[in-house]
Every structure is written in structure tokens, then in C-alpha cells.
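What follows is a short report on a single structure.
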Amino acid sequence: MKLPYERPTLRKLTAGALNKFGPRAGARAVTALDGVAVDELVARFGSPLFVLSERQLRRSYQAAVRAFGTRYPQVQLAWSYKTNYLNAVCRTFHQEGAWAEVVSGMELEKALLNGVPGPHILFNGPGKRRADLERACAVDAVIHLDHADELHLLLDVAAGRPQRPRVALRVNLDAGIVPQWDRFGFNLENGEAWQALGRIVAPGRLELVGLHCHIGTYILQTAAYATAAAKLAALALRCERELNTSIQYLDLGGGFPSTNTLKGAYLPASDTVPSLDEYAEAITGALLGAGFRSGELPVLVLEAGRALVDDAGSLIGTVLANKRLADGRRATILDFGVNLLFTSFWYDHHISPTREFSNQTEPTVLYGPLCMNIDMLRESIALPLLAPGHHVLVHKVGAYNLSQWQQFINLRPNVVLIDQTAQVHLIRAAETLEYLQQLEQVPAHLR
Ligand SMILES: *Cc1c(COP(=O)(O)O)cnc(C)c1O
């Protein structure tokens with residue numbers, strides 16, 4: 001049914017003005033992380049500093065396993081490497097039982113070095129090269145096919161191998177998400193996915209084990225997952241009926257939101273984002289009702305990324321200076337910018353001072369230290385006056401920032417992990433100029 005047209009309206013929101021959350025919403029001092037004082041962390045490891053909480057990593061992982069595992073008999077999580085591939089983070093999840101979900105040859109090697117057995121590695125991605133496919137076959141990783149050219153390449157690679165490579169088909173489908181992600185995998189509705197399944201099974205050179213679908217990221221509609229799960233399940237049942245191939249697992253991908261608030265959202269995400277239990281209910285409800293014979297339910301695989309790691313990361317920074325802009329607004333310059341906080345392009349992160357302060361707050365523009373106009377962390381945030389040398393704490397930065405950060409103008413800083421006994425471990429050392437220049441070469445005539 002066509003939805004009625006609603007005229008868009010523009011409403012100016014004034015930061016710092018009284019609202020139903022009070023004038024000081026969010027501006028509470030946070031002086032310690034997992035029992036370790038922020039000042040002590042900075043004294044030992046410098047600023048800026050990324051801090052990961054092992055306790056929170058494990059808590060988020062276990063909560064996800066509980067949400068899905070209490071509703072469905074066989075559930076397997078595969079850690080999305082690109083979301084945060086620091087080895088300490090990956091190994092924490094692997095210790096908890098996670099497989100690895102990788103999207104490049106480099107990530108595949110990283111997972112192997114982290115001790116993940118090949119058969120527990122799911123290889124996604126639209127740009128696998130021949131050498132990547134050969135390596136994946138050699139270690140018996142499961143290759144998630146993205147397009148027909150890749151299928152042909154893999155059939156060619158498979159011809160020279162003693163063992164049949166194991167594959168899953170990546171499917172894109174209409175789950176009601178707009179815009180639809182149709183650039184990855186084979187489309188369901190136009191018949192492309194079914195045609196590909198025939199081409200995988202018929203020559204007998206590949207072993208079809210799974211169907212995969214990742215409908216997008218930061219998806220707020222649980223119903224979209226129910227639709228995707230139902231469509232994938234129907235496709236699996238058709239494989240069984242018409243291709244005589246039983247599908248071992250259905251992989252619903254990731255895309256579950258963290259509780260970070262998107263820019264422009266009126267309410268904080270912690271009030272609006274559905275819980276993992278609601279996603280689990282939607283997905284498992286669809287699978288349980290899809291018509292599989294009892295005892296023959298496929299394994300449910302999930303590739304949750306940001307929902308597992310975002311909350312566990314914090315970024316500590318330091319005020320370098322305050323100034324007034326031409327129109328009188330207060331601006332604060334911090335020692336980290338968009339180079340380290342890539343996600344500030346779409347999130348309004350929760351940012352706390354790290355020491356007690358007076359009741360007075362003022363709308364403040366937060367800038368990073370880069371000599372680039374785009375280096376603005378927040379257009380307006382209510383903060384108390386922070387003097388140069390004071391610290392700030394950015395919450396929920398564990399997803400994507402530590403893989404998408406840039407060495408640009410400044411070097412990347414230390415990353416530490418606070419373990420469950422409040423011991424602090426350096427898990428990635430600050431870069432040095434020597435590190436930066438290691439790969440450079442100066443031609444003789446320029447020396
Ligand atoms: C990026 C990615 C994920 C993880 O996405 P999140 O939104 O972080 O949960 C899972 N699966 C695939 C195929 C991906 O590309």
C-alpha cells in the first residue's frame with residue numbers, strides 16, 4: 001500500500017537549551033575505566049590513547065550468544081575482522097568461541113595467525129583474487145561467492161585440487177531496507193541466485209554448504225531480518241528439493257546497531273535501538289517457522305561486528321587549546337581528530353570530561369589537531385570549560401575506528417586493553433617516525 005505523503009519540516013535544535021533530559025544531559029565526569037584511573041592511563045601511555053575493555057568484549061559476546069542460543073538450537077558467531085582486527089580483540093572473541101569472518105587475503109592470513117582453523121574461516125568480499133582463492137582452498141576456508149566471475153575463477157582453481165572447495169552463496173534480497181544493498185552477492189528476486197546455485201551444484205566440483213546474506217549496517221528494523229531469514233530459509237528448502245543438496249548453515253550476516261547515536265537523531269540511541277534479543281527473536285522466529293523438518297534445522301551463523309565491539313572501546317584525549325570563533329562560539333582543539341575517530345562522520349559520540357566540574361556548560365565546537373577544514377569532531381556539544389591539559393573521554397569507539405584510522409599528519413597512538421583483573425596491557429604500540437618511513441626509499445639522486 002502506498003504510504004501517505006508527509007511534508008518534510010525543518011526544525012532547529014539548539015544545543016545546550018533546556019530539554020526534557022535537562023541542561024547537563026550526558027555531561028557527567030568519568031574518572032576511571034574498568035577501575036583504572038584515566039589520569040593514570042594517560043601518565044603511563046600518553047594521549048591520545050585507545051582503551052579496550054576485555055570485560056565488555058566478553059560481556060557483549062556472551063550476551064549475543066545468549067540472545068540467539070536460547071532461541072535456536074545451533075548458533076555460531078563469526079567475528080567480522082574488518083570491524084576491529086587488533087589481534088588481542090580477535091583472540092578474545094576466538095577464546096569465547098567465535099569463528100572468523102574475513103573479506104580479504106590479508107584478513108584471511110591474520111585469522112590463520114590468530115590460530116583459527118581454516119574450516120572456521122568464512123571468506124566474504126567482492127574482490128578476492130586468484131591467489132586468495134587458492135589460499136582459501138588450501139586451508140579449507142569456506143568461500144562465500146560474490147559474483148559469477150568469481151564462481152568461474154573458483155571452478156578453474158578447483159579443477160586442480162584433490163578436495164572439493166566448500167562454498168556458500170552470498171545472496172542479496174529485498175528485505176524492505178532502502179536503499180537495498182544489491183552490490184554484494186547474487187540477487188534473489190531476479191533469479192540470479194537460483195541460477196548460480198545450479199551452476200555451483202551441477203559440475204560437482206564445489207561443495208555447497210551455506211547461504212549468506214548481509215542486508216546492511218546499523219539496521220534498525222528487526223522485521224527486515226525476519227524477512228531476510230525467511231527468504232534465505234525458503235531458498236535452502238528449494239536447494240534440498242530441487243538440487244538434492246542440504247544446506248548446512250544460513251548466515252544472516254551482521255549489521256546490528258551499537259548504541260551509538262547517529263548524527264541528527266533526536267533521542268539517544270540507547271533509548272531507541274532495539275536490543276539483540278529483539279533481532280534474535282525476529283531471525284529465529286522466521287527460521288523455526290520456515291518448514292524445516294525437526295532435527296534438520298541448519299546452523300544459524302551471525303557475523304555481528306559493531307554490536308559486539310563498539311561499547312568496549314574508549315578514546316582518551318587532551319585539550320590543546322580553547323578559542324573563540326568569529327561569531328563568538330567557543331571552540332576547543334583536541335589532540336585527536338577525524339584521523340583517529342573516523343566514525344565521528346556519522347555518530348554523535350558521547351563525550352565526557354574526566355574530572356569534576358562546575359554546573360556551567362556552554363555549547364562548544366570540538367576540533368581535532370589536523371590542519372584540515374573537515375577535522376571537526378562535533379558541531380556543538382554542551383561541555384564545561386575544559387582548560388588546556390584537561391582530558392576528555394569518547395565512549396563507544398571500538399568498532400571501525402581502529403581499522404579505518406589514518407596515519408595522516410599525526411602518528412597513530414598507543415592502544416591498551418584492560419583485562420578482567422584491571423591489569424593494563426599495551427596491545428598496539430604508538431607508531432614512530434621510523435615505523436612510518438620504514439618502507440620508503442629515496443632515489444640516489446635525491447639523497
Ligand atoms: C562488515 C560486515 C559485517 C559486520 O558488519 P556490522 O555492521 O559491523 O555488524 C558482517 N558481514 C559482512 C559480510 C560484512 O561485510
Side-chain angles (χ1 to χ4, degrees), residues 57 60-61 63-65 67-68 75-86 89-90 93 98-108 110-111 120-128 132 136 141-147 150 167-173 175 177 180-186 210-222 224-225 228-229 232 249-260 262 269 273-276 278-280 282-283 300-313 342-343 345-347 396-404:
L57 288 173
S60 298
Y61 187 90
V65 168
F68 287 92
V75 176
Q76 179 62 54
L77 266 60
W79 172 237
S80 158
Y81 260 51
K82 74 170 189 290
T83 309
N84 184 327
Y85 44 55
L86 288 174
V89 170
C90 297
F93 287 139
W99 291 5
E101 185 271 326
V102 303
V103 293
S104 71
M106 180 272 280
E107 289 189 0
L108 173 65
K110 242 177 167 299
H120 291 180
I121 300 176
L122 309 180
F123 194 178
N124 280 308
K128 307 181 198 79
D132 299 332
V142 189
I143 297 162
H144 285 197
L145 291 166
D146 184 81
H147 50 260
E150 185 174 83
V167 301
L169 191 78
R170 179 158 185 173
V171 176
N172 67 66
L173 46 77
I177 297 297
Q180 187 180 331
W181 277 26
D182 62 359
R183 63 162 286 198
F184 301 113
F186 298 78
L211 298 176
H212 170 272
C213 169
H214 173 67
I215 55 177
T217 194
Y218 204 99
I219 300 294
L220 292 169
Q221 299 92 319
T222 56
Y225 283 95
L232 225 48
Y249 70 82
L250 296 182
D251 183 341
L252 267 294
F256 312 106
S258 70
T259 50
N260 250 313
L262 288 175
V273 163
S275 69
L276 262 188
E278 292 170 72
Y279 291 94
I283 290 172
L300 169 59
V301 176
L302 298 153
E303 304 168 344
R306 65 179 75 243
L308 297 186
V309 77
D310 220 11
D311 287 11
F342 192 84
T343 55
F345 287 121
W346 52 85
Y347 285 150
K396 301 180 184 179
V397 302
Y400 296 100
N401 292 298
L402 288 156
S403 41
Q404 290 189 286

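Nothing fancy with the numbering, it's 1 onward along the sequence. Numbering of ligands and ligand atoms starts at 1, following listing order. Below, each value reflects all heavy atoms present in this structure, side chains not excepted, and no hydrogens, waters or symmetry copies.
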Problem set entry | salt bridge (charged side-chain N to carboxylate O under 4.0 Å, His left out) against K128, all qualifying residues, sequence neighbours excluded | E150
Exercise. Judged by atom type as modelled, is there a donor-acceptor pair below 3.5 Å linking the side chain of H214 to the main-chain atoms of G254?
Worked result: yes
Problem set entry | Non-neighbouring partners of Y61 that pass ring pair (Phe, Tyr, Trp, His ring centres under 6.0 Å), sequence neighbours left out | F93
For this session: Report the residue from T83, T343, T217 that forms a side-chain hydrogen bond (donor to acceptor under 3.5 Å, both in side chains) with R306.
Result: T217
Short N or O separations between ligand 1 and the protein, below 3.5 Å:
from, atom 1, to, atom 2, distance (Å)
ligand 1, 5 (O), Y400, OH, 3.4
ligand 1, 7 (O), T217, OG1, 2.5
ligand 1, 7 (O), G255, N, 3.4
ligand 1, 8 (O), R306, N, 2.9
ligand 1, 8 (O), Y400, OH, 2.5
ligand 1, 9 (O), G255, N, 2.8
ligand 1, 9 (O), G305, N, 2.9
ligand 1, 11 (N), E303, OE1, 2.6
ligand 1, 15 (O), K82, NZ, 2.7

Problem set entry | With sequence neighbours excluded, residues passing side-chain hydrogen bond (donor to acceptor under 3.5 Å, both in side chains) with S403 | none
Exercise. Quick check: does any side chain N or O of Y279 sit under 3.5 Å from a backbone N or O of P257, one acting as donor and the other as acceptor?
Worked result: no
